[in-house]
Protein chains: 2
Amino acid sequence: MFRAAATMFSVTPTASLCRGVLFSIRHYCKRTPTKLRVSQAFSGTELGANVKVQGWVRSIRSQKSNLFLHLNDGSSLQSLQVVASPELNDPSLTFGSAVEVTGVLKKSPHRNQPVELEADQIHVVGECNPVDFPFKTKERHSLEYIRQFPHLRCRTNAFSSLLRVRSEATTAIHSYFKENGFVQIHTPVITSNDCEGAGELFQVEPSSAEVEEGENFFSVPAYLTVSGQLHLEVMSGAFSRVYTFGPTFRAENSQSRRHLAEFHMVEAEVSFTESLEDLTKVMEDMFRSATEHVLAHCAEDVDLFHKHVTPGHRNAVDFMLKERFPVITYSEAIDILNRSSQKFAFPTHWGCDLQTEHEKYLVKHCGNIPVFVTDYPYDLKPFYARDNKDHPRHSAAAVDLLVPGVGELCGGSLREERLDLLRARLEEVGLEDTYSWYLDLRRFGSVPHGGFGLGFERYLQCILGVDSIKDVIPFPRFSHSCPL
Amino acid sequence: MFRAAATMFSVTPTASLCRGVLFSIRHYCKRTPTKLRVSQAFSGTELGANVKVQGWVRSIRSQKSNLFLHLNDGSSLQSLQVVASPELNDPSLTFGSAVEVTGVLKKSPHRNQPVELEADQIHVVGECNPVDFPFKTKERHSLEYIRQFPHLRCRTNAFSSLLRVRSEATTAIHSYFKENGFVQIHTPVITSNDCEGAGELFQVEPSSAEVEEGENFFSVPAYLTVSGQLHLEVMSGAFSRVYTFGPTFRAENSQSRRHLAEFHMVEAEVSFTESLEDLTKVMEDMFRSATEHVLAHCAEDVDLFHKHVTPGHRNAVDFMLKERFPVITYSEAIDILNRSSQKFAFPTHWGCDLQTEHEKYLVKHCGNIPVFVTDYPYDLKPFYARDNKDHPRHSAAAVDLLVPGVGELCGGSLREERLDLLRARLEEVGLEDTYSWYLDLRRFGSVPHGGFGLGFERYLQCILGVDSIKDVIPFPRFSHSCPL
């Protein structure tokens, strides 16, 4: 009636039949070369074996006695060199075409590659017309150029390296949190509250006439989340340490190199905090641990950026990791800015918000390393930030992490855990009903806690030295742009 | 000007000063108990140490000679028993209150707990009025009851176990893909295409008047993704093996126990496929690997469900993992259904879609184990499904994985990689312009490939035996419901 999914042939236990089966297994093995990915071929364990490698042609060189191909399958930046008789050449064997090559894996006589594939068969699986294909062999296309082809740019070296780094950095961040006892929470994308009370929101309704005019699908207006913070705070009342890593949204009409309508945030929330140091420690340790992991596990891919996109950036990254990140207060930051001889577009005074120009100056002033700025003016911060109860310069226990090249990478705060203070502030802004559930968190077993969010794309910009945020995300979305 | 974030005191290298500093370090260490999480306390390595444990009170028992507390901090299902003098009791020490206990960690005289904390100090950090708090000590609240309190239900044993399992299953799935050479891609939430051509879509626009009447923020109508498949297919043309794990959306007006407006999908795409077996292998291996990981790493949490929510479900899960999953074709499935004596609400014939009642019957027929159904009628499947070119029963190379209790868990297919066939089908439905970028993927280095999606919440329902999908996600969203 049904067959097991993975069983290719069954063996019955009679001797003569067994011999027959064994013969055909051997025969089958001899005829069927081992399928290898390019990264596996480079490991060198299959030297001398009869293998099949599948991928896309990255270069072709036809000489009198030999045909050379470079084959890439995305498993690594490096392509595998294929050496074949010129007779195996074919007009459909072009840059970008998909091929399947069988042959023997040999030690390469060339110093810069460990192995090469001596082909006895080359099969073109999918052709690629070199005239129509927007990328050309041996040309180094700019990030701006390849950005025009969102469905094809992953086929370039630069963007495939970016995506491997992005994948590895994601792994590293998950590992950091797991090793440190955090529970991962999938905070919702659709929400009925607006965490920041600021940020432009996207609203969500069914596209068809599922809902009566004037009614909402969810009975209430629903938005795309601008932060998972409040949902994480719910969870921090049970788990002590939680984090989320997912998409967040801003409907800002901006096409800047630092903003997207959809981006990824890493957010964490820690209970039983004593001071901002409980947060800065997690922020810094996560940054270090992820960066060290990526530098170690994606060396080639990172090098591509550090050599060809922003030459010399590796030194900048190593320098960032050398010492513990300094901490200055907002008041100290304002003093630094006020004493500066640089002319800022936005003049500074105690109480003003820090602009990107100020953040960059502070980073430079501290020696081009990441720097924490703490204790921002109370009036600049949202209702949930913890009141430092100081005066006359009234501040909140909030902290930003500023990094070279990017400015603000993380923002966080201790949260107001004191029911009376939180209720008073919510009443002031007329939100005590909207946030009655949030007040409940303080009504029942409230604990001092705090958290932060890190912009994942900005993090990648920072460690790779990529100027535009559009070049560190698979499919960038911003105003007037949502192809595919 | 600024201080290092983690430096608490500096040590200068003069002997006399060093002695002074060492003294104060010792003094400091003696006075400051080691902070421990409950799971760390259970590890037993800190026996005899002076420790501080912070968490929420799960039970209180006051006897003449002793006060007993159970303290939970979310690091494990088990609570730590605290033994204290009755003098440390306090009216604010109630079920649900947050406390900080210092004392000495001792071997417990009781068999069912390895350690207990002999308290010398109990500090109530956050009170919890037992009258207002919706959960009561020693009561076992139903999943339906706790669902009414989305901001508090994580404080119950059942839901905190669920969330730890969910977090661990997420880790396990990422690990499976990483170990098998898949690159993780963050496919976008906001998209301008509708993958299925079916499913009700949510549309997205800024909530404020950012955009002129009749204009779109993204210049085109934009929707919440119903699947990352097409974006993964872009990537499969460069990486061979890719996956995504993120939120997906359906604007279905349903309140069923199997559907949500926002849910999580695991989707994978594999290049250079030879047959559906290349997909069923990944689907089955991922299911096994994740399930075995969760059973091994969350034994206590899983047990809670297998003992108290769906007694006996552990046997069902073990049974599912015993043998390779059987594979039947859609035609065989229809034969089975046609021959069945069961009366179905929807009668069956070759060409009909399989309803949940049919799927459940097939699972039962195959012995209450997961079963693959392959080669569905061509006309039932979307444009991208690969044409099997058979007749008269014209089928496509599509596959579903049906599982006990849930029905369809995964759906996948080989994709039509042949440009001429794909173009013809898109022209038939008038979509060749909309999907010209998708045709490009076949124009340039096309390869046979395929992929599938797994509903992550349904997976959790299946392995834990949870009846309603609303009880396996932190914040369920469905029609008329989006609190918080």
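So that the names make sense, note that chain A is the first sequence line, chain B the second, and so on, each numbered from 1.
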Between [X] and chain B, with a heavy-atom cut-off of 4.5 Å, which part of the residue counts as in contact: side chain, backbone, both or neither?
X	value
A/Ser236	backbone
A/Pro188	both
A/His174	side chain
A/Ile473	neither
A/Glu168	side chain
A/Val99	backbone
A/Pro130	neither
A/Ser479	both
A/Gln54	both
A/Trp437	both
A/Tyr243	neither
A/Asp335	neither
A/Arg155	both

Inset, instruction - Report the relative orientation of the aromatic rings in A/His186 and B/His264; use parallel for angles under 30°, tilted for 30 to 60°, perpendicular for over 60°. - result: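 Tilted: the ring planes of A/His186 and B/His264 meet at 30° to 60°.
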
Distance, nearest 0.5 Å, that separates [atom1] of [X] from [atom2] of [Y]:
X	Y	atom1	atom2	answer
B/Phe263	B/Phe478	CZ	CZ	15.0 Å
B/Phe249	B/Thr225	CZ	OG1	8.0 Å
B/Thr191	A/Phe475	OG1	CZ	9.0 Å
A/Glu332	A/His365	CD	NE2	9.5 Å

Inset, instruction - Go through B/Asp440, B/Ile190, B/Thr94 and name the one with the most non-hydrogen pairs under 4.5 angstrom from chain A. - result: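 Result: the option with the highest number of such pairs is B/Ile190.
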
Legend entry - Leading residue by heavy atom contact count with chain A [cutoff under 4.5 Å; candidates B/Pro150, B/Pro221, B/Ala222, B/Gly55]: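 The candidate making the most pairs under 4.5 Å is B/Gly55.
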
Is [X] salt-bridged to [Y], going by a charged N under 4.0 Å from an acidic O?
X	Y	answer
A/Lys52	A/Glu100	yes
B/Arg166	B/Glu457	yes
B/Lys35	A/Glu274	yes
A/Arg324	A/Asp285	yes

Inset, instruction - Would you mind telling me which of A/Arg443, A/Gln203, A/Glu233 has the largest number of heavy-atom pairs within less than 4.5 Å of chain B? - result: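 Heavy-atom pairs under 4.5 Å are most numerous for A/Gln203.
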
